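Since the structure comes first, as structure tokens, the remarks are kept for the end.
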Number of protein chains: 2
Amino acid sequence: MPVPARPARGRPLLSHDRIVDTALELLHGLALKELTMRRLAQALDTTPAALYGYFRSQEELFAAVATRVVRGIELGALEEVADWRERLRLWARAVRSRQLEFASTVAMAQISPHIPASWFEVTAPLLRALEMAGLSGKALIDTARCFSRIVYGSILTELAQDPYLLQCERAEAGAALEHLTPSAAGQVAAILPYLGVQDNDALFEMTIDCALRGIAAGLPPPA
Amino acid sequence: MPVPARPARGRPLLSHDRIVDTALELLHGLALKELTMRRLAQALDTTPAALYGYFRSQEELFAAVATRVVRGIELGALEEVADWRERLRLWARAVRSRQLEFASTVAMAQISPHIPASWFEVTAPLLRALEMAGLSGKALIDTARCFSRIVYGSILTELAQDPYLLQCERAEAGAALEHLTPSAAGQVAAILPYLGVQDNDALFEMTIDCALRGIAAGLPPPA
DNA sequence: ACCTGAACACCGTTCAAGT
DNA sequence: ACCTGAACACCGTTCAAGT
């Protein structure tokens with residue numbers, strides 16, 4: 001990440017980029033709620049009001065930050081891969097690793113509705129991979145949307161979950177055991193050892209595998 | 001939904017349930033950001049400070065609201081269905097329709113990390129359906145988590161998207177057309193008519209179909 | 001025991017005034 | 001043109017004081 005440097009001599013002191021850079025830097029150590037206009041201004045050695053010369057609102061600023069994160073998704077490696085499945089897998093991994101790096105910005109898309117505008121750069125490689133799989137037209141774009149939803153959805157739910165909740169999962173299942181019919185209780189008991197822990201890396205790969213099998217099985221038969 | 005009634009005569013005027021009821025009612029007409037302690041107190045004809053006798057913080061109150069929403073997911077119809085695929089489909093639809101009803105509460109899970117504690121009631125039917133498909137042990141719970149991620153992920157991304165973004169999608173693709181190699185431009189042009197509109201109902205069904213095929217194809221071969 | 005009123009430490013945003 | 005200082009209308013939360 002480029003270190004936001006104050007301009008050498010000439011004015012203006014602020015710039016669109018410098019503000020976004022600093023916001024991203026702060027987000028490495030701050031939750032989204034703690035990234036306030038006042039704090040950001042302080043980190044930039046300026047006044048909250050000065051930021052409004054570059055962004056009409058906090059929402060617009062957040063959108064710019066989210067856009068920057070999406071722009072940083074590294075998709076160059078896809079082109080060297082011949083298998084469409086492998087391309088989709090790489091796409092999913094690239095999106096996830098970038099979004100996890102700035103975990104708090106994922107929630108921005110939830111808070112501010114104006115999602116990053118760099119849609120094309122991210123989606124084009126996905127579309128190309130699905131074309132290689134034999135899709136075209138409406139089926140192509142719809143499948144891309146499905147896959148994208150699955151990938152982003154996995155990331156969102158992964159980030160929404162916290163360790164405390166996972167503990168609850170086990171405790172709740174254990175508590176429910178006593179009020180169940182014997183057969184149902186047996187089913188739950190068989191599950192119990194796997195509750196309360198979760199390997200997010202493995203679960204993500206498994207979800208992608210599931211999606212890939214689903215896409216492959218839904219492909220039109222090769223003529 | 002039960003209308004929150006003031007208690008007939010005896011005190012106290014407030015209660016855990018009456019507060020959550022009123023919050024849910026307000027959320028039918030208010031965005032999550034607009035559901036403040038002050039506004040909620042006003043709707044309850046009381047003081048913001050009074051709410052802190054029932055919830056330690058706004059976060060805890062939001063968690064209670066989200067829990068109530070999850071509790072309202074109607075899963076009774078699943079039991080009458082023999083096919084596991086159809087059960088999973090019904091599960092997904094039930095979750096979606098309830099969460100869409102209180103769209104703003106979906107973001108609560110993003111904001112407050114303490115997700116609803118009624119995990120078991122919602123997940124148990126899902127686990128049972130996957131058992132019918134032939135899964136057990138770790139594969140069972142992991143597949144349930146995958147499916148749940150796909151379903152919740154689809155809902156989250158659906159809600160995060162707004163019409164304005166979809167317009168951008170088309171505009172951006174159109175703009176990108178000019179800077180592309182002829183062959184790439186041809187690919188994008190073929191896609192263009194399908195951008196900018198989106199049938200969320202159909203896309204959700206398609207995503208679920210994809211997941212079901214993926215799960216079926218990943219099942220252990222029947223002995 | 002339950003609630004009120006007032007206060008505290010924050011917010012985003014605006015706008016006249018400075019340079 | 002760019003930025004500052006001060007203000008406005010809100011927040012969540014706390015706590016002494018009331019009943």
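What you are looking at is a predicted structure, and each value in this text was computed from that prediction instead of being measured. Protein chains get the first letters and strands the later ones, always in sequence-line order, with residue 1 at the start of each.
Side-chain atoms of A:R39 come within 3.5 Å of backbone atoms of A:E34 as a donor-acceptor pair (strictly under, hydrogens ignored). Within the 3.5 Å criterion, the main-chain N or O of A:A50 finds no donor-acceptor partner in the side chain of A:T47. Counting only distance, with no hydrogens or angles, the side chain of A:E74 and the backbone of A:G76 share a donor-acceptor pair below 3.5 Å.
Taking atom CG on A:D45 and atom C1' on D:dT4, their separation rounds to 13 Å, with Å as the unit. When the P atom of C:dT4 is taken as reference, atom CD of B:Q42 falls 13 Å away, rounded to whole Å. Across the protein-nucleic acid pair, A:K33 atom NZ and D:dC11 atom C1' stand 10 Å apart, rounded to whole Å. To the nearest angstrom, C1' of D:dC2 lies 7 Å from OH of A:Y54. B:R18 places its CZ atom 13 Å from the C1' atom of C:dC3, with the value rounded to the nearest Å. Put simply, CZ on A:R38 is 13 Å from P on D:dA7, counting in whole angstrom units. Atom CG of B:L51 and atom P of C:dC2 are 14 Å apart (whole Å). Atom CG in B:L35 sits about 17 Å away from atom P in D:dC10, given to the nearest Å.
Between B:A50 and A:Q58, the one whose closest nucleotide on DNA chain C sits nearer the 5' end is B:A50.
Considering only side-chain atoms of B:M37, the nucleotide from C:dG12, D:dG12, D:dT4 that sits closest is D:dG12. Of the candidate nucleotides D:dC11, D:dT4, C:dT13, C:dT13 has the atom lying nearest to any side-chain atom of A:P48. With C:dG5, C:dT13, C:dC15 as the choices, the nucleotide that has an atom nearest any side-chain atom of A:A49 turns out to be C:dC15.
Checking the phosphate oxygens (OP1, OP2) of D:dC2, no side-chain nitrogen or oxygen of A:Y52 falls inside 4.0 Å. Taking side-chain N and O atoms only, A:R56 has no distance below 4.0 Å to OP1 or OP2 of C:dT13. Look at A:R39 and you'll find a side-chain N or O under 4.0 angstrom from OP1 or OP2 of C:dC11. Look at A:T46 and you'll find a side-chain N or O under 4.0 angstrom from OP1 or OP2 of D:dT4. One finds no side-chain N or O of A:T47 lying less than 4.0 angstrom from the OP1 or OP2 phosphate oxygen of D:dC3.
If you check every strand for non-hydrogen atoms under 4.0 Å, A:F55 touches nothing.
A salt bridge between A:R96 and A:E158 is present, with a side-chain N of the basic residue lying under 4.0 Å from a carboxylate O of the acidic one. Between B:E121 and B:R71 there is a salt bridge, since a side-chain N of the basic residue sits under 4.0 Å from a carboxylate O of the acidic one. The residues B:E205 and B:R89 are annotated as not salt-bridged, no charged nitrogen and carboxylate oxygen being separated by less than 4.0 angstrom. In summary, A:R87 and A:E79 do not engage in a salt bridge, as defined by a charged side-chain N under 4.0 Å from a carboxylate O. Between B:E101 and B:R98, at least one side-chain nitrogen of the basic residue sits less than 4.0 Å from a carboxylate oxygen of the acidic one, meeting the salt-bridge criterion.
Paired regions of DNA chain C, where each region holds three or more successive Watson-Crick or G-U pairs whose two hydrogen-bonding distances fall under 3.5 Å, are C:4-8 with D:12-16, C:12-16 with D:4-8.
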